[in-house]
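Reviewing the structure listed below.
Computation of the quantities below employed the complete heavy-atom set of this structure, encompassing side-chain atoms and omitting hydrogens, waters and symmetry-equivalent molecules. Naming convention: chains lettered A, B, ... in sequence-line order (proteins, then strands); numbering from 1 in each chain.
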Amino acid sequence: MDFCKGVNIAIVCKVFGFTGASAEVIKIKFEKYGGRAEIYSDKTNLNQISHIIVPSKITENALEKILNKKLSDLKCYIVNEEWAYNTIIKKQVQNPSFYIWSETPSQAQKRKPQTICQVEKLPKLNLNFQSTQNLNYHLTKEIEKLKNLYEVLGDKGRSITYSNIIRSLRLLPFKVENTKQLEGMENFGKKTLNKIKEILEKGTLERLKSFRQNERLQVMESLTQVHGVGNDLAYFLYKKGILTISSLQNYAIINPGEFTKTQLIGIELHNEFSSKISRDEVENISQTIKSQVFAYDKEAFFEICGSYRRGRELCGDVDIVIGTNDTDLLYKVVENCSIITHVLSLSGHKFIGVGKIQDLHRRIDIYCVKPNEFWFAVQLIIIDFYD
DNA sequence: AGGCCGTACTG
DNA sequence: CAGTACG
DNA sequence: GCCT
């Protein structure tokens, strides 16, 4: 399918609440459907661009500053991210004039925002994309271990680099058999290529083995499994001689004052959290929450995402996305939902917490977005981007 | 050398 | 603010 | 560990 053929977009992001991650998802989608896309930078040649995608909330002045150009001099369409979502969702390049900047900003301000896009008409996404089909699992699973260990060590740089490498490998349309195929690619330096070569030849990494023999690393890796325990605390605990999760649990019972509320919950319920959840149970939990949601907003959108949506038989947590205009909905649902037992953190648009419907406590995440962002949020949350 | 995904909550 | 989590 |  290449309905984006001939479309050449530049995405202005990291401003006005429009994140680089969202931009990158748009880029991937457009390229998948035969278009060209790039994140806007000063190297972008605007003469080759057919559509500039800008955050809905951007102002004319800000955009002129970013582009360093008068808008009236531009030859391309200026559209917002919604144009991009709809183009992808409807699998048809949308008429740019329905989207922002087909009018002046002052007109746009007067206009009711919902006229940008008729939410009711948004079709349900056809989730045929296999973001999980990873032709290079043989490489990514080893590099992932490396990444996790560096994360535990607090080496942010390396762990980010490895994340990038893993992402690139996952997106590759072919299986890597030879490091030559990767030469020159961004993020693949000499050392990485050597490591990949090693994996291709031996299946594992020597470096990984030496890490395995490092007691501190082993301990920290295990302790950071607990929700609320990062590498700082893990190191602190290690120095204190707390080497296992069960000794951490005992310690926390005696010294609860040394931990935050969130950490105490994580420590207490860790054993329950580490057991996987069946699809049936995910559905049951979700159903309870769903009826609560609809009690407040009959028009709300509701989808189970996460590993459930990726089709896994056993899920790590329950991941829900709600679309509504009610900014208090999430608070109300959390407050009144009978199965929710703990709140790890809560804001108007994100709940991280715990619920219980059968014998075990389960991790539940709920995201709450505006209806017109709903399907995009669903996509973003299942796409499993930096993981 | 010094940054590195972006966002948001907790304390 | 740092630490942690979430994708 | 990679990039500028």
d([atom1], [X]; [atom2], [N]) in whole Å:
X	N	atom1	atom2	value
Lys147(A)	dC4(B)	NZ	C1'	14 Å
Ile366(A)	dG7(C)	CD1	P	13 Å
Arg363(A)	dG7(C)	CZ	P	7 Å
Ile265(A)	dG11(B)	CD1	C1'	14 Å
Ile11(A)	dG6(B)	CD1	P	14 Å
Gln263(A)	dA2(C)	CD	C1'	12 Å
His227(A)	dG3(C)	NE2	P	17 Å
Asn187(A)	dG1(D)	CG	C1'	9 Å

Out of [options], which nucleotide sits closest to the side chain of [X]?
X	options	value
Asn231(A)	dG1(D), dT4(C), dG7(C)	dT4(C)
Asp365(A)	dC6(C), dG11(B), dT4(C)	dC6(C)
Thr192(A)	dC6(C), dG1(D), dT4(C)	dG1(D)

Any residue meeting ring-ring contact (aromatic ring centres under 6.0 Å, His included) with His361(A), in chain and number order, not counting sequence neighbours =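 Testing His361(A) for ring-ring contact (aromatic ring centres under 6.0 Å, His included), a comparison that skips the adjacent residues, returns His342(A).
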Please name all residues satisfying ring-ring contact (aromatic ring centres under 6.0 Å, His included) with Tyr162(A), sequence neighbours left out, ordered by chain then number.
->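 So Tyr162(A) forms a ring-ring contact (aromatic ring centres under 6.0 Å, His included) with Tyr150(A).
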Of the non-hydrogen atoms in Leu264(A) and Pro256(A), which two are nearest, and what is the gap between them?
->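 Scanning both residues, the minimum pair turns out to be CD1-O, 3.8 Å.
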Using the [atom1] atom on both, measure [N] against [M] and round to a whole Å.
N	M	atom1	result
dC2(D)	dC5(B)	P	15 Å
dA1(B)	dG3(C)	C1'	26 Å
dA2(C)	dC4(B)	P	14 Å

List in chain and number order the residues that pass side chain to side chain donor-acceptor pair (under 3.5 Å) with [X], two or more places apart in sequence or in another chain; answer none if no residue qualifies.
X	result
Thr140(A)	Asn134(A)
Arg216(A)	none
Asp365(A)	Arg363(A)

With under 30° as parallel and over 60° as perpendicular, where do the rings of Tyr251(A) and Phe259(A) fit, or are they tilted in between?
->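 The arrangement is perpendicular - the two ring planes meet at more than 60°.
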With Glu38(A), which residues qualify under side chain to side chain contact (heavy atoms under 4.5 Å, CB included), at least two apart?
->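 Glu38(A) satisfies side chain to side chain contact (heavy atoms under 4.5 Å, CB included) with Ala10(A), Arg36(A), Thr44(A), Ile49(A) once adjacent residues are dropped.
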Can you sort out the partners of Ser275(A) under side chain to side chain contact (heavy atoms under 4.5 Å, CB included), two or more places apart, ordered by chain and number?
->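 For Ser275(A), the residues satisfying side chain to side chain contact (heavy atoms under 4.5 Å, CB included) (neighbours in sequence not counted) are Leu360(A), Arg362(A).
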Does a salt bridge link Glu142(A) with Lys145(A), judged by any charged N lying under 4.0 Å from a carboxylate O?
->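 Here Glu142(A) pairs with Lys145(A) in a salt bridge, since their nearest N and O are under 4.0 Å apart.
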Distance test, side-chain N/O of Tyr150(A) to OP1/OP2 of dG1(D), below 4.0 Å =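 Yes, because at least one side-chain N or O of Tyr150(A) sits under 4.0 Å from OP1 or OP2 of dG1(D).
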Side chain to side chain donor-acceptor pair (under 3.5 Å): pairs with one or both residues in residues 217-241 of chain A, sequence neighbours excluded =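 Sorted result for residues 217-241 of chain A: Arg212(A)-Glu221(A), Glu215(A)-Tyr238(A).
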Sorted by first residue and then second, give each salt bridge (Lys or Arg N to Asp or Glu O under 4.0 Å) pair with at least one member in residues 191-205 of chain A; sequence neighbours left out.
->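 Sorted pair list comes back empty.
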Could you identify which residues of residues 193-211 of chain A place a heavy atom less than 4.0 Å from some atom of DNA chain D, listed by residue number, or say none?
->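 Output list: Lys195(A), Arg207(A).
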Residues from residues 341-354 of chain A sitting under 4.0 Å of DNA chain B, heavy atoms only?
->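 Correct list: Leu344(A), Ser345(A), Leu346(A), Ser347(A), His349(A).
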For DNA chain B, which residues in residues 153-161 of chain A have a heavy atom at a distance below 4.0 Å?
->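 Of all residues in residues 153-161 of chain A, the ones placing a heavy atom under 4.0 Å from DNA chain B are Gly157(A), Ile160(A).
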